[in-house]
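These notes concern the structure reproduced below.
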Amino acid sequence: MTKHRLKEVLIATLITAGTLGGSVATVQATTLDSILAVGESKNNAARNSQVKIDRLADETRDLLSDYKTVTKQVDGLKVYNARLQRQIDNQVARIAGIEADIDKSTVIARQIPPLVPRMLDGLEAFIKLDVPFEEKERLARVQMLRSSLDRDNLDTAEIFRAVLEAYNIELQYGRTISTYKGPIDTDGSEREVDFLQVGRIALAYRSSDGALNGAWDNTSRSWVTLPSSDYDAAIKKGIAIVNKQATTDLLKMPIAAPEANR
């Protein structure tokens, strides 16, 4: 009887132990699956986070590259704008200068009309007191300018420019040598001769046959007869030089000696 009961208890105990062992194994399997699932979830989350981090890093590099590019462009624009500003400042200064010149030109324009007649009077007086080479032509130039003062189709600037040109022509006469034909009154009779003008230092003439030679004396304002033996060859050669019929050479010309200061 006792053995039978122990047997039943043992069997019950074994059954109970078997039942408990199966339950523990089941619990352990369930726990491991949960742990693995959590680990996989964390790995997925980590991979997703890394993808986001990589994307943000790429975006950051792109933004940094764009920033550097824009910074270089801004620096270049600053240099360009600074240069433009200097050009603008220079143009403003030039405009101010031009406006000042315009104001001055208005004043000058009012002063030129009364100045031009005085300039022509002075030029005419100078020609009449000068050595009388081509005197008629020179005086005719002054008279033409004087008659143009009242013409309505010429402005003040054109007239003033023409007067200055006449002054320049007179200036050039003192630096040139020329020859021309013209009449001269000798012993009450008019004769055609060849004139030789050497700047403003000498004006001589000779007849075509060389028998008559003379020079202008500006002190006495008259013609002086020269001995042909002394000056005819020189005057003739000077005329040939001007006409390019002879080479340039020294000429023996009648020149008034300077007066000593007293």
Side-chain angles (χ1 to χ4, degrees), residues 1-116 119 148 151-169 171-172 175:
M1 185 65 178
T2 302
K3 290 181 179 180
H4 180 72
R5 292 181 66 181
L6 288 174
K7 186 177 181 180
E8 290 179 353
V9 171
L10 180 59
I11 293 171
T13 302
L14 290 174
I15 293 171
T16 304
T19 302
L20 291 174
S23 299
V24 171
T26 301
V27 171
Q28 290 179 346
T30 302
T31 302
L32 181 59
D33 292 337
S34 299
I35 292 172
L36 292 175
V38 171
E40 183 65 23
S41 176
K42 289 183 177 181
N43 289 335
N44 291 333
R47 284 194 294 270
N48 293 334
S49 297
Q50 187 62 46
V51 171
K52 291 181 180 179
I53 291 171
D54 293 340
R55 186 178 69 253
L56 292 174
D58 292 339
E59 293 177 354
T60 302
R61 282 193 297 269
D62 293 340
L63 290 174
L64 180 60
S65 178
D66 293 342
Y67 172 76
K68 291 180 179 179
T69 302
V70 172
T71 301
K72 290 181 180 179
Q73 292 176 351
V74 170
D75 292 339
L77 289 174
K78 286 181 179 179
V79 174
Y80 179 70
N81 289 338
R83 187 178 66 181
L84 287 182
Q85 186 61 49
R86 289 193 297 270
Q87 293 177 352
I88 291 172
D89 293 340
N90 292 335
Q91 290 176 353
V92 170
R94 289 182 59 188
I95 291 173
I98 292 173
E99 290 177 349
D101 291 341
I102 291 174
D103 294 338
K104 292 179 182 178
S105 66
T106 303
V107 176
I108 294 174
R110 290 197 297 266
Q111 295 174 347
I112 287 179
L115 173 64
V116 169
M119 292 177 67
S148 67
R151 292 175 56 183
D152 57 0
N153 60 337
L154 295 177
D155 58 21
T156 304
E158 291 176 328
I159 295 175
F160 187 67
R161 189 183 305 110
V163 173
L164 291 180
E165 179 63 23
Y167 269 80
N168 185 60
I169 292 173
L171 176 65
Q172 297 303 319
R175 304 173 180 174

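Positions are given from 1 along the sequence. Everything numeric in this text was worked out from a predicted model, so none of it was measured.
Phe160 approaches Met119 most closely through the heavy-atom pair CE1-SD, 3.7 Å. The minimum heavy-atom distance between Pro113 and Thr156, with the atom names listed, is CD-CG2, 4.1 Å.
In this structure, the separation between CD on Gln50 and NZ on Lys52 is 12.5 Å, given to the nearest 0.5 Å. Taken from OG1 in Thr60 to CZ in Arg55, the straight-line distance is 11.0 Å, to the nearest 0.5 Å. Note that CG of Asn48 and CD1 of Ile53 are 11.0 Å apart. Values are rounded to the nearest 0.5 Å. Remark: Ile159 CD1 to Leu115 CG distance equals 12.0 Å, nearest 0.5 Å. Note that CG of Asn90 is 10.0 Å distant from CD of Gln85, once rounded to the nearest 0.5 Å. Interatomic distance, Glu40 CD to Asn43 CG, rounded to the nearest 0.5 Å: 5.5 Å.
Between the side chain of Glu158 and the backbone N or O of Asp155 there is at least one donor-acceptor pair closer than 3.5 Å. Proximity of a side-chain donor or acceptor of Ser49 to a complementary backbone N or O of Ala45 within less than 3.5 Å is detected. Of the possible polar contacts, none joining the Ser65 side chain to the Arg61 backbone as a donor-acceptor pair under 3.5 Å is found.
You'll find the side chain of Gln87 reaches within 4.5 Å of the side chain of Leu84, heavy atoms only. Here the side chains of Tyr67 and Leu63 are not in contact, with every heavy-atom distance at 4.5 Å or above.
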